[in-house]
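Single-structure report; data block below.
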Amino acid sequence: MLRPEVSSTSSSAPAASPALGKARIQGRRSNFGLQETPQSRPSAQASASTPPGTSGAAGDQSSSSSSSVHGHPPRTRPAQGSYFGNKRSNAENIFASNFTFGTSSSSARDSNYPQILKTPLSAGNPQRSGYKSWTPQMGYSATSSSAVSIHSPSVIVAVVEGRGLARGEIGMASIDLKSPQIILSQFADNTTYAKVITKLKILSPLEIIMSNTACVVGNSTKLFTLITENFKNVNFTTIQRKYFNETKGLEYIEQLCIAEFSTVLMEVQSKYYCLAAVAALLKYVEFIQNSVYAPKSLKICFQGSEQTAMIDSSSAQNLELLINNQDCRNNHTLFGVLNYTKTPGGSRRLRSNILEPLVDIETINMRLDCVQELLQDEELFFGLQSVISRFLDTEQLLSVLVQIPKQDTIALKNCNTPLLRAYCGSLEDKRFGIILEKIKTIINDDARYMKGCLNMRTQKCYAVRSNINEFLDIARRTYTEIVDDIAGMISQLAEKYSLPLRTSFSSARGFFIQMTTDCAALPNNQLPPEFIKISKVKNSYTFTSTDLIKMNERCQESLREIYHMTYMIVCKLLSEIYEHIHCLYKLSDTVSMLDMLLSFAHACTLSDYVRPEFTDTLAIKQGWHPILEKISVEKPIANNTFITEGSNFLIITGPNMSGKSTYLKQIALCQIMAQIGSYVPAEYSSFRIAEQIFTRISTDDDIETNSSTFMKEMKEIAYILHNANNKSLILIDELGRGTNTEEGIGICYAVCEYLLSLKAFTLFATHFLELCHIEVLYPNVENMHFEVQHVKNTSRNKEAILYTYKLSRGLTEEKNYGLKAAEVSSLPPSIVLDAKEITTQITGQILQNQRSTPEMERQRAVYHLATRLVQTARNSQLDPDSLRTYLSNLKKKYETDFLRAEQFSGKTEE
Ligand SMILES: Nc1ncnc2c1ncn2[C@@H]1O[C@H](COP(=O)(O)OP(=O)(O)OP(=O)(O)O)[C@@H](O)[C@H]1O
């Protein structure tokens, strides 16, 4: 006779042992007659095989409870099907998937677990699928979603722009559904709305809310168009302008903000746009969630744009800060290089720091001190890493708090760095003990997050201690009995039909029967008619029976009762904890910050990074590109950099593929790393704090915005010229190559001359060697070039180029390197030969024309003369200051005295 067995094919099907079931009824955490040992826990992989979005089979039938959150009046809302349509919005999915005992309608959902998060819906861009318009009266329906990891977006942002004269004044409010924290900001933006886009990129929203007046059909505001273009995978919802109500916003903050953060009121009370945004945001969240936040329970803070360096979104893309243009693998980015964080909070913090590095040297140095101490004290490093890795995320904070072993936190006590000591102090807050005690009296010590839906269901059923509520204990006994009965029934069926039946469970089907056998083994090659809803995958059959369906229903019913009673108990517990909630926010801040700092230290252990200094000079000794290091087998060639106020403009030349773009990016990445408090890839480094980092590197056409290569580079350069200041770091690569050479040179010249009027640090890589003459005219310009070597390829009797990737002073002396590069490429030799001939002809013609133009003659003469004078001055061993004065006088002379220049030209010709 075949005995029933337990299958683990579904995400959390544990082993069944009917014999064990009843004996465990008195035990708190019976698995209802189903064996589940630590060894038999399903693997992460098995868990991942749960069909996405199926978690709510039980949960989709929401609880009959209509109780309100902590004394707030319950909101009436039509049944889900009619109010929101049959499906939930993104935000709703997140809410439903969180541990939201504070909500009334979703409390009994199986999908209430943090691990079952949902992806954003297909984008709601008006150009593509039509954004949604929402009013509290109507709600809206959204398409279904699929399961994703815990890192999926969970932030809703409301954005509003001033009207009339206040256009360009932006108010933003965002809430993270996973850790209820509201961030407000208000700032003036320019016409490209770069700050809004950057801020939104940092927030990485799940959903963006704007006023319906921003997108009147055929007359959308520029802000709306830009946001929808830049965030194609994000849902857009428009709501009536009247909900963007600043008075309401202020009321919300007064009502909801935790006392410790209430100074935010002073900061924002006259910032009407962020107040308006928060009013719309909270109104929207209340309605999709059908709940309100408890009074004095939210952390609300204001973040302006000060104290951080500005990196526009196209520069962030060019520098591959978060996304690699060529390679979608996340680790081929600066984020990938530095991300060894263990918590979602830590990784969010790293992400936002990379996009908005600090400008405050003191804070950066405090972080660097921490990284240094972590690197010097191995025990501290590993001790902290092991503690931090146990903090799953803020929403699981309460349960994780219970699990921190005391001795692990002691590691922090002995540290020297003020920041680490401050963190240690904040962890010693007495309120943690009070919270812990309160939790311990209600929640079982071993209640925890577990993989697998059945495991999680069990955890949730038994989260509350026994003897707290007698009815809950009875309901749990009933539930256990039903589950045991199910196992017993399947066992009897197995005996009756002599089949190897096993009890399985999935969130979608509940309990069902599984059998792995060959068809031929079945009597008459058929399953008994008692079995229904049969499906077969390879040799595995799954099915159920009418009785089993009924028992599943009873099981669900008793579960709903258990969840409801548990919910009420936990609500009461939470209401007692709220008064101490501030320390939890502080803890979450501390954890994410420590996690990021540990991550920096971790990155240093994998490569020889150095602690940066902050001076008024950008000096990097033997620095290398951190992402190139990560993706290539050999360590990249290192180079020096030296930029000061007196020599703040580098013109970089060199053949194709010699390493110019890589070098420019390397400088920017090192600067960002330094400004977020990380060590940098170099032997020594010193940085001047950059308030903005601008790049013009990409040369791709932008089909989406219908820009040609040339228009795109012009827009980017215009943006830089409008926004750069003396404290900027500017990287420009191959400007003007989208048009003809003469105009390209002209544009480059004009741009360089403008930038030279600033004290910004500029690196300008170009193939136009003509630009190198600027060095002669401006003492603060320096020519640098990448060296290449020519080696004879004896086998093919040809000359080959050897790239050294070494940066040297002066301009490149390479000629026709485009042709040489073409030669080593796969271009057919006949084409290359043709190209060479044509080049020779054209060069001849140009020289001919040049000789015949008096103006060109004059210019050349001036250059020659100036070069000679500079050479003479250098040879005369003048000290650097005198040389600089001499050169700037020289420049003035030539700018004002053409006649004199022409006289000289005659002499030069001689
Ligand atoms: N310092 C370095 N060490 C090792 N390899 C490097 C280094 N710099 C660049 N490279 C390699 O050389 C390749 C070409 O570099 P890069 O694109 O920077 O050249 P470029 O001079 O900008 O070329 P082009 O003028 O054609 O745009 C890179 O993809 C990289 O693999």
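Whatever order the structure lists them in is the order used to number ligands and atoms, beginning at 1. Throughout, numbering of the chain's residues begins at 1 and tracks the sequence.
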Distance under 4.0 Å to a non-hydrogen atom of [X]: what atoms of ligand 1 satisfy this?
X	result
His767	25 (O)
Pro655	21 (O)
Pro636	3 (N), 4 (C)

Residues Asp369, Arg611: salt bridge by 4.0 Å N-O rule: yes
So that I can tick it off, tell me whether Glu716 and Arg696 are bridged by a salt bridge, with the cut-off set at under 4.0 angstrom between side-chain N and carboxylate O.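 Counted as a salt bridge, because a side-chain N and a carboxylate O are separated by less than 4.0 Å.
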For [X] and ligand 1, does the shortest N/O to N/O distance drop below 3.5 Å?
X	result
Gly659	yes
Lys660	yes
Asp733	no
Asn639	no

To the nearest 0.5 Å, what is the distance between CD1 (Ile667) and NE2 (His625)?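 If we round to the nearest 0.5 Å, Ile667:CD1 and His625:NE2 are 10.0 Å apart.
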Can you tell me how far CG of Asn353 sits from CE of Met673, rounded to the nearest 0.5 angstrom? 13.0 Å
For ligand 1, the portion of His625 having any non-hydrogen atom under 4.0 Å away: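 The answer is neither; His625 stays 4.0 Å or more away.
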Asn648 and its side chain to side chain donor-acceptor pair (under 3.5 Å) partner, picked from Thr762, Thr617, Asn780, Asn726: Asn780
Please say which of Asp733, Ile732, Asn318 ends up in a side chain to side chain contact (heavy atoms under 4.5 Å, CB included) with Leu664. Asp733
Passing option when Ile651 is tested against Leu769, Leu811, Thr766 for side chain to side chain contact (heavy atoms under 4.5 Å, CB included): Thr766
Just need the protein heavy atom nearest to [atom], so name the residue and atom and give the distance.
atom	value
atom 1 (N) of ligand 1	Ile637 O, 3.0 Å
atom 23 (O) of ligand 1	Met657 N, 2.8 Å
atom 22 (O) of ligand 1	Ser661 OG, 2.6 Å
atom 10 (N) of ligand 1	Tyr805 CE2, 3.3 Å

Which class fits the ring pair Tyr340 and His602: parallel under 30°, tilted 30 to 60°, perpendicular over 60°? parallel
Does even one non-hydrogen atom of [X] get within less than 4.0 Å of ligand 1?
X	result
Glu734	yes
Glu634	no
Gly654	no

If you take the nearest heavy atom of each of Leu628, Ile652, Thr662, which one is closest to atom 31 (O) of ligand 1? Leu628
Aromatic ring proximity, centroids under 6.0 angstrom, Phe694 and Tyr719: yes
Distance below 4.0 Å between atom 26 (O) of ligand 1 and any protein heavy atom? yes
Is a donor on one side and an acceptor on the other found under 3.5 Å between the side chain of Ser599 and the backbone of Leu338? yes
Check whether any side-chain N or O of Lys660 sits under 3.5 Å from a backbone N or O of Pro655 as a donor-acceptor pair, and report yes or no.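 Yes: the side chain of Lys660 pairs with the backbone of Pro655.
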